[in-house]
Amino acid sequence: MSVSFYIAKRYLLSKKSHSAINLISGVSVCGVAIATAALVCILSVFNGFQDMVAGLFTAMDPELKVVPAVGKFMAADAKGLAALREDADVEVLTETLEDQALLMVNNRQVMATVKGVEDNFEELTGIDNILVGEGVFELHADVIDYGILGANLLMQLGLPADFDEAVQVYAPRKGERIDLNDPRESLNQEELYSPKVGFMVKQNKYDAQYVITNIAFARRLFERQGEVSAVEMKLRRGADVGRVKARMQQMLGADYVVKDRYEQQEDTFKIMQIEKLISYIFLTFILMIACFNIIGSLSMLIIDKKQDALTLRNLGANEGQIRSIFMFEGRMICLLGAVTGILVGLTLCWLQQEFGLIRFGSSEGSYIINAYPVSVRWMDLLLIFVTVIAVGFLSVWYPVRRLSRKMMTSNL
């Protein structure tokens, strides 16, 4: 242990001649600890919301999805896409075709996205877990085409999940202009019936806009024979999604884009990442303000130990050694505040996870979850620790050099 560090430790723990110095030192540690704990809690809450969104809002999204890099549609029999069916890591693969169409029933009309899928779509996703109604997931029967509508879309059309009426579906004919005198003459018209179920993902993007039907119906409606808008895949158990995605992207080339679940919900997760970054920046500024207490504490300590510094100099200590005493003092305050803050933050996160101390409302079931979700990630803790130490060390470096130099000069 160096002499400078030993003396700095004694200064930190021992009683000073002025009790205000001990008080300010304690306030400095508390200020850094509170700012650190706030960083831990806030970033963990953002992680919790991200995990919640990933768990709740991707029931309709496949593990991997291949879409064209340019345009909306691609040939279903393209060589690269055909090779995906033989991939050892792919357990289920389904072709999908989706586009905008007009739904009409009982004098109500709504624009919606009609998504045509293959019969194995039920195996691809967890759609059975989000069905509402008394029927079963079914896409067609003989000459009847079924459509499974989102819960909010059913409400807009004024229909129950087990409606009996045929929903009229209209889409523009390929390459034709709309005839304003009789628009229906320029539209393809098909009918969809209900298999006595709808679906509810609890995300408006799907619930208010999507209709799921068979891909043959979608190809007739949109005149897209032999084309798909995406190829969706479920991987075998144990497959590394990131590795498989990278391999498929390399195999397919620049004409296609392979997306995982997070990229399929890119807008949602990007907004959450931006919010998390902004919160981190704001709390770092608050941490910088808290570090000004350390400067005040060190300034008073330097003045209080002026005579001790003169004694050390007479004993042979140079300016650098004396300066390092107060530098160590400031760094120990930062380190103690950082460690204490992280421990307090982890404790608060654990209490929130176990007991849900901060809740959304007093009534149960009003929200998707009852209490704020929390998810602690070790990379965030490392980032917070490095940030606190960096901000703290930088905040004491210049003031200590300047004050100790002035003190040494005045003692000459």
Side-chain angles (χ1 to χ4, degrees), residues 50-51 53-99 113-131 136-140 146-148 195 197 199 201 203 205-206 210-219 222 224-269:
Q50 184 172 332
D51 292 346
V53 171
L56 292 177
F57 290 171
T58 56
M60 286 276 290
D61 298 319
E63 287 185 90
L64 288 179
K65 182 177 183 178
V66 179
V67 297
V70 179
K72 295 172 61 177
F73 305 101
M74 53 191 177
D77 58 355
K79 184 178 180 181
L81 299 180
L84 295 177
R85 293 188 180 274
E86 308 300 325
D87 196 297
D89 287 318
V90 177
E91 181 177 336
V92 181
L93 181 147
T94 184
E95 297 176 351
T96 65
L97 178 71
E98 64 179 69
D99 206 348
T113 299
V114 175
K115 179 173 183 175
V117 301
E118 293 187 272
D119 291 341
N120 62 354
F121 186 74
E122 192 174 8
E123 303 171 26
L124 180 80
T125 64
I127 194 168
D128 285 342
N129 299 321
I130 58 173
L131 294 179
V136 295
F137 181 83
E138 198 171 5
L139 298 174
H140 55 83
Y146 291 129
I148 298 95
V197 290
F199 68 84
V201 184
Q203 187 180 16
K205 169 185 174 181
Y206 294 115
Y210 267 74
V211 179
I212 300 173
T213 185
N214 62 83
I215 194 167
F217 174 91
R219 282 172 171 159
F222 300 122
R224 294 286 176 181
Q225 297 299 328
E227 293 183 304
V228 296
S229 56
V231 172
E232 302 182 359
M233 292 167 284
K234 176 182 177 181
L235 303 184
R236 62 172 176 79
R237 185 182 296 273
D240 187 317
V241 176
R243 181 185 61 80
V244 175
K245 174 193 166 188
R247 178 172 58 77
M248 287 183 175
Q249 185 65 71
Q250 184 177 11
M251 178 187 72
L252 294 172
D255 293 336
Y256 304 94
V257 177
V258 184
K259 295 183 177 183
D260 58 26
R261 280 178 167 166
Y262 286 94
E263 290 169 330
Q264 293 166 46
Q265 297 279 355
E266 185 177 9
D267 292 341
T268 300
F269 288 106

Residue pair M248, M233: steps toward the side-chain contact (heavy atoms from CB on, under 4.5 Å) verdict: CA-CA 12 Å; M248 287 183 175; M233 292 167 284; 3.7 Å; yes
Between CD1 on residue I127 and CD1 on residue I148, distance to nearest 0.5 Å: 6.5 Å
Donor-acceptor under 3.5 Å (S229 side chain, T96 main chain): yes
Verdict with supporting geometry, F199 and Y210, side-chain contact (heavy atoms from CB on, under 4.5 Å): CA-CA 9 Å; F199 68 84; Y210 267 74; 3.8 Å; yes
Donor-acceptor contact below 3.5 Å, side chain N120 vs main chain L93: yes
Spacing of NZ belonging to K259 relative to CD belonging to E232, to within rounding of 0.5 Å: 11.5 Å
Within 6.0 Å of CD in Q250, more than 12 heavy atoms from elsewhere: no
Exam field: side chain Q249 to backbone K245, donor-acceptor pair closer than 3.5 Å: no
Salt-bridge criterion met for R219 and E95 (N-O under 4.0 Å): yes
CZ on R237 to NZ on K234, rounded to 0.5 Å: 8.0 Å
Intermediate values then yes/no, side-chain contact (heavy atoms from CB on, under 4.5 Å), E63 and Q264: CA-CA 10 Å; E63 287 185 90; Q264 293 166 46; over 6 Å; no
Test applied, side chain to side chain contact (heavy atoms under 4.5 Å, CB included); reference residue, F217; option that passes from L97, V114, L139: V114
Rounded distance [0.5 Å steps], CD1 in I212 versus OH in Y206: 9.5 Å
D61 side chain to Y262 side chain, donor-acceptor N/O pair below 3.5 angstrom: no
